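Quantities reported herein were computed from a predicted structural model and do not represent experimental measurements. Below, each value reflects all heavy atoms present in this structure, side chains not excepted, and no hydrogens, waters or symmetry copies.
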Amino acid sequence: MPFKFPKPLLSSSTPFSMATNLSTALASYHHSTDANRRRITAPLPLPTKKRFGVSCNVSKRAPSPPSAVAEEQKGPSLADQLKPLSTTILADQPSETHLLSKPKSTWVNPTKPKPSVLSLQRHKRSSSYSYSPQIKDLRQFAKKLSECEESDFLGVLEGIPHPPTRENALLVLNSLRPWQKSLLFFNWVKAQNVFPMETIFYNVTMKSLRFGRQFQHIEDLAFEMIEKGIELDNITYSTIITCAKRCNLFDKAVEWFERMYKTGLMPDEVTYSAVLDVYAKLGKVEEVMSLYERGRASGWKPDPIAFAVLAKMFGEAGDYDGIRYVLQEMKSLGLQPNLVVYNTLLEAMGKAGKPGLARSLFEEMVDSGIAPNEKTLTALIKIYGRARWARDALELWERMRLNGWPVDFILYNTLLSMCADIGLIEEAEKLFEDMKGSEKCKPDSWSYTAMLNIYGSGGNVDKAMDLFKEMSEAGVKLNVMGCTCLVQCLGRAKRIDDLVRVFETSVEAGVKPDDRLCGCLLSVVSYCEGEDAAKVLACLEQANPKLVAFVKLLAANNSTNFDMVKEEFKGILSNTAIEARRPFCNCLIDICRNRNCHERAHELLYLGTIYGLYPGLHTKTEEEWRLNVRSLSVGAAHTAFEEWMGTLAKIIQRQETLPPLFSANTGAGTHKFSQGLGSAFASHVEKLAAPFRESEEKAGFFIATREDLQSWLQAKASSAVTAACTN
DNA sequence: ATAGGGTTAG
């Protein structure tokens, strides 16, 4: 089935049909109301560090040093120009004049009244090169230079076979590595003083420095150029910017782009996509879109690389509207995605939680004659695994074999992880054996982790422990995730001594326990008693002493009060990775309940709720009030239920209006950790004689009517009064 | 390594 492009939100029948293609596409982007996109994009500030004016006097050929550039406002600043079009042009109710008004140009430069994007001029390799004996000599010489000791460098340099003319020097510089040598050679050429150092020498040297991630050296060279009045061109800037990006110096990347803007030099398409990627990696979606819009408005035709950048960005944000926008834009420009763009889009579809659309997009790609590579298949297998789409995963696997599609190590490991996600034990075992028998793809710690995950979540402790032994024999290090899988299944099997041994061995081998592992240990503590609990706590003590101190604080009932709990818990949560916070809270509640500290359990649930760990715990409509306990542990679910009933009793006392129906959602237990919650909840309500009955139509739901609930709560209240009177 | 830009694993 071919992939269907989404309809533009402003269809041709709307009053805005006269809008240009660009405006239509933009409007559909800006008018989409996906909550996820807003959450991620809304509060990001614009890059307003400094407001740069564009000076008329700064010539493009000889930029002045930064301090000498006039800072007065002669045109809109870069920051102003990057303001989202949504806030400058598109009003909430776009009028036709707005949409028809010509967009402002990107690069307002007084010296160039009609700016346009510089068109790209690639350099071509001269084909006569390798036939010339002189060039062969110089290539060989460069190789010798690259391979010699750094201390011998100047000595070897004296044997240069031909005079260091401009062309000869460039040739050597181009094939020199690593960066230390390039810099030495560059400085040597400069000292010879045979010809003036032009931009290209700086650019080639910077390229080598970039391979070595030597941003400081690159920046020093750039300042030297500015000082000497040597032109910085698009190649210089894009090299500086991408080097900063690779060194994670995003501020520097933006700073150099602003500097470029300040000199009035127009970015070309390479610089454009490089900078778009910088803003994208900073998560500044609005800025990326704004720059994209400005570029489009000034005549830039985005190419596949720019679209790959946009697709990646929207994927990271889980923004499906954004992905649709990319597809729409490419379509309106008549561009077919290439392999990389398809791969990025597939990945993005997965992150946006759209496995079905990823599947259609993949089919469209294959139909259009583009053969998938390892990355394509890795993305798709991962998506099917996460979605538990067993049939699609297996079908794709089979197709890979039939078509002889390429497979690499990462893809093998992804297939194993997919088997773990879906529970394909035999398939995983077969693949794992194949990998052991292969030459190039011997199982590594990722492969073993996937297998440990399979055996661990399936409760096959013995096979998991066999793997653990096998790993140390094969010299494969256990990583933190594999350790977590083992701890989890050993804990469930109550094999605490093995658990301690695995944990100690891992830590000695260099595993750094993370919050997930700590959460896993904590959960084992919650269902262990006495000696066992103490042993596991001792492990946890090594990994997270503050957490253990908190567990002890909870247990010291007489000397602990709510404010202490609140203060300490807040500190613990703020030092915990977000994905581990709720599990921590769940386990701590379980620990309290198992030690008969029910009141503490209620306090923790309250704190967890106000710290946002249980969003959507209660939902209310006129017809139905619902308690959602799917993400809660058994103890936390019981606590939440008690809390709810307490609140309802008070509401009844105050004679306020209640809906006709009440429900509790435990989930149907398809998730591997939620199993048992439903049955535990069932026996809990039975013990309390509460009128909640398991729904026959909706799996994982418990239902009570208003009347039943009212009479039960009132009966409870009167018996409590009776009990109080008789005491 | 065409002086410069984009994609694979909890």
Assign [X] to base, sugar-phosphate, or nothing according to its heavy-atom contacts below 4.0 angstrom with the strands shown.
| X | result |
| --- | --- |
| A:Phe307 | nothing |
| A:Asn413 | base |
| A:Arg177 | base |
| A:Ser208 | nothing |
| A:Asn174 | sugar-phosphate |
| A:Ser417 | nothing |
| A:Thr376 | nothing |
| A:Val204 | sugar-phosphate |
| A:Val341 | base |
| A:Asn338 | base |

Nearest-angstrom distance from the residue atom [atom1] of [X] to [atom2] of [N]:
| X | N | atom1 | atom2 | answer |
| --- | --- | --- | --- | --- |
| A:Lys375 | B:dT7 | NZ | P | 8 Å |
| A:Phe211 | B:dT2 | CZ | C1' | 12 Å |
| A:Ile218 | B:dG4 | CD1 | C1' | 11 Å |
| A:Asn343 | B:dA9 | CG | C1' | 15 Å |
| A:Tyr279 | B:dG6 | OH | P | 17 Å |
| A:Lys245 | B:dG4 | NZ | P | 14 Å |
| A:Met365 | B:dT7 | CE | C1' | 11 Å |
| A:Ile323 | B:dG6 | CD1 | C1' | 16 Å |

Sidechain N-carboxylate O distance under 4.0 Å for A:Glu329, A:Arg324 =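 Between A:Arg324 and A:Glu329 there is no salt bridge, as every charged N stays at least 4.0 Å from the carboxylate O atoms.
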
May I ask you to decide whether A:Lys181 forms a salt bridge with A:Glu147, counting only side-chain N to carboxylate O separations under 4.0 Å?
->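 Salt bridge absent between A:Lys181 and A:Glu147.
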
Expressed in whole Å, how much space separates the [atom1] atoms belonging to [N] and [M]?
| N | M | atom1 | answer |
| --- | --- | --- | --- |
| B:dG6 | B:dT2 | P | 15 Å |
| B:dA3 | B:dT7 | P | 22 Å |
| B:dG5 | B:dA9 | C1' | 25 Å |

Let's see if you can work this out: which of [options] has an atom nearest to the side-chain heavy atoms of [X]?
| X | options | result |
| --- | --- | --- |
| A:Glu269 | B:dG5, B:dG4, B:dG6 | B:dG5 |
| A:Thr242 | B:dT7, B:dG5, B:dA3 | B:dG5 |
| A:Thr414 | B:dA3, B:dA9, B:dA1 | B:dA9 |
| A:Asp444 | B:dA1, B:dT7, B:dA9 | B:dA9 |
| A:Ile200 | B:dG10, B:dA3, B:dA9 | B:dA3 |
| A:Glu347 | B:dA9, B:dG6, B:dG5 | B:dA9 |

Side-chain donor/acceptor of [X] to base of [N], under 3.5 Å:
| X | N | result |
| --- | --- | --- |
| A:Thr484 | B:dG10 | no |
| A:Thr344 | B:dT7 | no |
| A:Asp268 | B:dG4 | yes |
| A:Thr239 | B:dG4 | no |
| A:Asp303 | B:dG5 | yes |

So, is [X] near the phosphate of [N], with a side-chain N or O under 4.0 Å from OP1 or OP2?
| X | N | answer |
| --- | --- | --- |
| A:Arg246 | B:dG4 | no |
| A:Lys207 | B:dA3 | no |
| A:Arg386 | B:dG10 | yes |
| A:Lys351 | B:dT8 | no |

Are the aromatic rings of [X] and [Y] close, with centres under 6.0 Å apart?
| X | Y | value |
| --- | --- | --- |
| A:Phe186 | A:Tyr202 | yes |
| A:Tyr412 | A:Phe432 | no |
| A:Trp300 | A:Tyr272 | yes |

Residue pair A:Thr271 / A:Asn234, side-chain donor-acceptor N/O under 3.5 Å =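 A donor-acceptor contact under 3.5 Å links the two side chains.
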
Dot-bracket line, read 5' to 3' along DNA chain B, where crossing pairs take [ ] and | marks a partner on another strand, Watson-Crick or G-U under 3.5 Å | ..........

Under 3.5 Å: donor-acceptor pair, side chain of A:Thr242, backbone of A:Thr239 |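 A pair under 3.5 Å: yes.
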
Fit a plane to each ring of A:Phe223 and A:Trp256, take the angle between them on a 0 to 90° scale, and name the class: parallel (under 30°), tilted (30 to 60°) or perpendicular (over 60°).
->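 It falls in the tilted class, 30° to 60°.
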
In terms of ring plane angle, is the pair A:Tyr325 and A:Tyr292 parallel, tilted or perpendicular, where the classes change at 30° and 60°?
->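 The arrangement is perpendicular - the two ring planes meet at more than 60°.
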
Centroid distance under 5.5 Å and plane angle under 30°, A:Trp446 vs B:dG10 |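 Stacking between A:Trp446 and B:dG10: present.
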
Salt bridge (Lys or Arg N to Asp or Glu O under 4.0 Å) assessment of A:Lys351 paired with A:Glu316 | CA-CA 7 Å; A:Lys351 290 192 168 135; A:Glu316 294 298 323; 3.0 Å; yes

